[in-house]
Amino acid sequence: MTASANVKTFQINGRDYSARAEETILEVARQNGIFIPRLCELEGLSTVGACRLCLVEVKGSNRLLASCVTRVEEGMEVTTNSERLERYRRGIVELLFTERNHVCSVCVSNGHCELQFLSQKLDITHIHYPYRFPKAEVDASHGRFVIDHNRCILCNRCVRVCDEIEGAHTWDVMGRGIDARVITDLNQPWGTSDTCTSCGKCVHVCPTGALFEKGRSVAEMEKRRNFLPYLQLMRGDQNG
Amino acid sequence: MTREELEQIANTERQSQASTAQKLNVCVAAGCLSCQSQTVKEVLEKGVARRGLGERCAVKGVGCMGLCSEGALVSVDQNILYKRVLPADATDMLDALEAGRPPVERLVCPTNTPFFQRQKKIVLENSGVIDPERIEEYIAACGYTALVEALTELTPAEVIEQVTRSGLRGRGGAGYPTGLKWSTVAKAVGTQKFVICNADEGDPGAFMDRSVLESDPHRVLEGMLIAAYAVGASEGYIYVRAEYPLAIKRLKIAIRQAEKLGLLGSNICGTRFNFRVDLRLGAGAFVCGEETALIASIEGKRGAPRPRPPYPAMEGLLGEPTLINNVETFANIPPILRNGGEWFAAIGTEKSKGTKVFALAGRVQNTGLVEVPMGITLREMVFQIGGGVPDGKNFKAVQTGGPSGGCLPAECLDMPVDYESLARAGSIMGSGGMIIMDETSCMVDVAKYFMDFCMTESCGKCVPCRVGTYQMHRLLETITQLQAAPKDLALLEELCDLVKHTSLCGLGQSAPNPVLSTLRYFAEEYKAHIERNQCVAGVCGQEVHV
Amino acid sequence: MPVSLSKPVAPSADKRWKIVDATMRRVGQHSRGLIETLHTVQEAFGYLDETALRYVALSLRVPLSRAYGVATFYHFFTLKPAGEHTCVICLGTACYIKGAPQLVDTVRRELGITPGETTEDGKVSVLSARCLGSCGLAPAVVYDNEVAGKVSPLQLKEQLSKWGRP
């Protein structure tokens, strides 16, 4: 196969772009400064297509496609923002707010939270659906970190980073549907986990204040993610 | 195993069957078993032995005869059908038989009714006729001849050609053309390929696949073998619900028998074709009917679907090309190869070929299993085959397609049953459950029932399905408690739109269907609940159950 | 629990672990065999406890959290021991419209529990099933593995009180 066959030209929002065949719509958009909201995708981790916020319209397809898992194709015509997409995105973010107990004013991640940022970006001022107000626990048994299930949106980033980057697979999801939640080992207090290496990667990939470092108070928890592209690059070099 | 050896087994079996003049077939499928049919069979066997009738009379257990509500069913020589037989009735039956008298009148079930006459049996041709635990009986009924012919006389491409010509479409719900699926997998490149039989029949109110597995398991194995030969697979799995112990037992027996005769394993029929089949038990997750979730489950993981593409046909089990068809689809394959694709394509409608097995249940006179040509009208299904609504009640709706389908009202009754018509009407063919409801059912309550189902069966991976089904269920609960405001209905419609268009897999995308179809045809009921705090059927507003 | 790199030793001398070991050998000690093995454990012991999950996870080299995630994803698995008797009420569509909700009410009135729970004395567990496929017999109930069809609230009540007696 020639090199040119590996390059695809296509349109996003009416403008022409080109990219390598293995790149996804979301990656290309990001490189070109086109904003597509997402909460489960994170550069350096595998993609799962679960939050459904990065859905885009592709001409000729009657389904909306998750841009994080959809590769670019020759001649593709992608729309990343339309009245319909905006409406659905607002709906999904609103559903997330009703699912657990998100109270920004007392949250360690206030001002640094991806969910909060998105709700501002999408101009969400009011939640139409009734809140669920579940009883969710806070596990502070770990020496350095805390998980507050009230703020978890089940994006699965902690599960993936722990498995794919740290290689510990301390985290996973238990139960299903609305009762699903993240757990460490056999659903035991985090502090008693045999497998946790206390590396803290899960804390820093978490988009909200669900995972945070002990001792942080309101609005103090900023997440650092530089390690992800760095680790990915280094490992890519070793493998390649 | 060669064609001649197969023929020989068939002939030996046919001769031994011909040596007994009279045959008493007792249904030992799950429905009748729970009406003591096993005891009935034993009592009959003892009676025959005691009376010294063993020479001219044979008692055997067979699969489902269809009319499950009238069990236990016993047929005599395929022309008399006894219904509601209890162990105590055996004496009378044998008396009549021994004396050559007419059959016992109080037990006779008339078979000249539309329930029996309107059926056309392809998938169920052996159900209720052969002993599902004996491979010889399947072979005597032309079993495995299609496989031997395919292996020895046809190329894989020719097999796929026949299936494509037949126009067969997936019987699991979506109706994807089977021939196209097969040729995709055949063309896909991989170090190994798999064939999976989806027997995770999860729709509440559907028991077609269970019945086929319990009544004629070899037919499914033969279909899988032919598929494996056609696409180039060497390993297969049957993913069957753990809730179907009898089907599991009979499948295990069938696999062992086929292995013993060299119909499964290495160098089948002396060719270079190898195929092994293993069972995998489901563990109570409806979402595992979805292809990618089913694969995850076979790999020992949580049954969460993943985005497609890549489709399983390209990257399936262990990342290899994988063909997934459901039980009924595989069961159609041997007769298609035996009789040719054109024969099959001559049955049914232009776009929906062949027959479909339906499980009739709910408020209908005859509940059970029927196989009818595609294109039959819903009215014929409900009022002729089903015998109408009992207790002088009025028909209200027929639900097809389970939690992904919809409720169709009386004005849809003259619609033909085919993939396109059902979809246009806002429902789906689904796997074949057909539940009839009368005026005592409240359509909002039914919608809530299905939403409760989707909510508890949601895997929880994607947000719209996980939280959306919860919110929709809560709104439906408020409506059925007669406490909803008009704005709740608007919210419900908005959520239906959101969940339908943004969910990751088929479960979420179709979860709103029961609500949308009842809103479309029974809007008046919703209005009555909300505006007048009134439930016409008298179901809602009382103590909330479940 | 200390983790060693050699194959873990069965938690006790209980013979049932041999059955579990046999299943794990049949699946080639591969993580793919997790669900098969959990089926065997549940069949042998009646439920999956922490000891069993830990043993199976270590033997098949499945992360603990994943084993727990799988065990709780599938509703067929239970992490608590079942009662002496089990009563499964089918809540399939046909059963639902033919009176299964009244059967659930009956259980609640008679035993004070809802499906998924066990009575305090450990006598009776009540479960619900999505569909038993016995729609022709709706509403259907399974009493200790025996399917009963066209069950009325009165029949259910009688069966429950029969079990309640010492």
Side-chain angles (χ1 to χ4, degrees), chain A residues 24 38-41 46-57 61-71 73 84-85 87-100 115 127-134 153-156 159 172-182, chain B residues 283-288 292-293 296 301-310 451-475 477-478 484-485 487-488 490-492 494-509 511:
Chain A
T24 64
R38 92 283 186 261
L39 284 171
C40 66
E41 190 268 356
S46 63
T47 48
V48 287
C51 74
R52 314 307 286 167
L53 283 165
C54 72
L55 289 177
V56 293
E57 291 168 3
S61 163
N62 48 14
R63 280 194 309 150
L64 301 173
L65 300 173
S67 59
C68 67
V69 291
T70 308
R71 285 171 215 262
E73 273 166 40
R84 181 174 175 228
L85 287 173
R87 193 173 72 234
Y88 286 153
R89 285 170 185 162
R90 272 199 300 272
I92 291 169
V93 171
E94 280 193 40
L95 286 179
L96 280 174
F97 273 109
T98 67
E99 187 183 16
R100 304 263 173 116
L115 182 65
I127 308 293
H128 294 78
Y129 310 115
Y131 286 94
R132 203 166 71 94
F133 296 125
I153 58 167
L154 289 173
C155 69
N156 236 311
V159 178
D172 210 312
V173 180
M174 72 163 276
R176 70 180 187 213
I178 197 78
D179 300 319
R181 61 190 198 92
V182 290
Chain B
F286 173 71
V287 68
C288 288
T292 58
K301 300 177 191 153
R302 292 165 58 84
R306 62 157 174 78
R308 301 178 300 178
M451 195 51 72
D452 177 69
F453 183 92
C454 292
M455 178 179 74
T456 17
E457 295 300 330
S458 166
C459 78
K461 180 173 176 176
C462 79
V463 184
C465 177
R466 183 179 76 229
V467 196
T469 54
Y470 167 83
Q471 290 286 7
M472 287 192 282
H473 180 257
R474 187 144 106 171
L475 285 166
E477 216 167 48
T478 320
K487 75 164 178 26
D488 291 328
L491 274 185
L492 183 64
E494 196 184 303
L495 277 167
C496 283
D497 177 53
L498 177 74
V499 175
K500 189 183 170 88
H501 292 105
T502 62
S503 292
L504 171 64
C505 81
L507 188 149
Q509 287 159 11

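Every chain is numbered from 1 and lettered A, B, ... according to where its sequence line falls, protein lines coming before strand lines.
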If only atom types and distance count, is the side chain of [X] paired as donor or acceptor with the main-chain N or O of [Y] below 3.5 Å?
| X | Y | answer |
| --- | --- | --- |
| E41(A) | C68(A) | no |
| T292(B) | R306(B) | yes |
| R89(A) | L53(A) | yes |

Item to check | Heavy-atom proximity to chain A below 4.5 Å, by part of R466(B) | outcome: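 Contact with chain A involves both backbone and side-chain atoms of R466(B).
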
Next on the checklist: Between A304(B) and chain A, with a heavy-atom cut-off of 4.5 Å, which part of the residue counts as in contact: side chain, backbone, both or neither?
Outcome noted: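 Neither the backbone nor the side chain of A304(B) comes within 4.5 Å of chain A.
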
Options [options], ranked by heavy-atom pairs under 4.5 Å with chain A, top entry:
| options | result |
| --- | --- |
| C465(B), G468(B), C462(B), G460(B) | C462(B) |
| V287(B), L495(B), L475(B), T469(B) | L495(B) |
| M455(B), E494(B), Q509(B), E457(B) | E457(B) |
| V467(B), L491(B), T456(B) | V467(B) |

Examine whether an atom of [X] lies under 4.5 Å from a heavy atom of chain B, and if so say whether it belongs to the side chain, the backbone or both; otherwise answer neither.
| X | value |
| --- | --- |
| D172(A) | side chain |
| I92(A) | both |
| R132(A) | both |

Checklist entry - Run the side-chain contact (heavy atoms from CB on, under 4.5 Å) check on L115(A) and F97(A) step by step: do they pass? => result CA-CA 9 Å; L115(A) 182 65; F97(A) 273 109; 3.8 Å; yes

Item to check | Pairwise salt bridge (charged side-chain N to carboxylate O under 4.0 Å, His left out) hits with a residue in residues 496-505 of chain B, at least two apart | outcome: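 As it turns out, the salt bridge (charged side-chain N to carboxylate O under 4.0 Å, His left out) pairs with a partner in residues 496-505 of chain B, which skip direct neighbours, are R87(A)-D497(B).
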
Checklist entry - In terms of ring plane angle, is the pair H501(B) and Y88(A) parallel, tilted or perpendicular, where the classes change at 30° and 60°? => result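 Parallel.
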
Next on the checklist: Heavy-atom pairs under 4.5 Å with chain B: which of G91(A), P130(A), C40(A) has the most?
Outcome noted: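 Most pairs with chain B among the choices: P130(A).
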
Checklist entry - Can L498(B) and L95(A) be said to form a side-chain contact (heavy atoms from CB on, under 4.5 Å), step by step? => result CA-CA 11 Å; L498(B) 177 74; L95(A) 286 179; 3.7 Å; yes

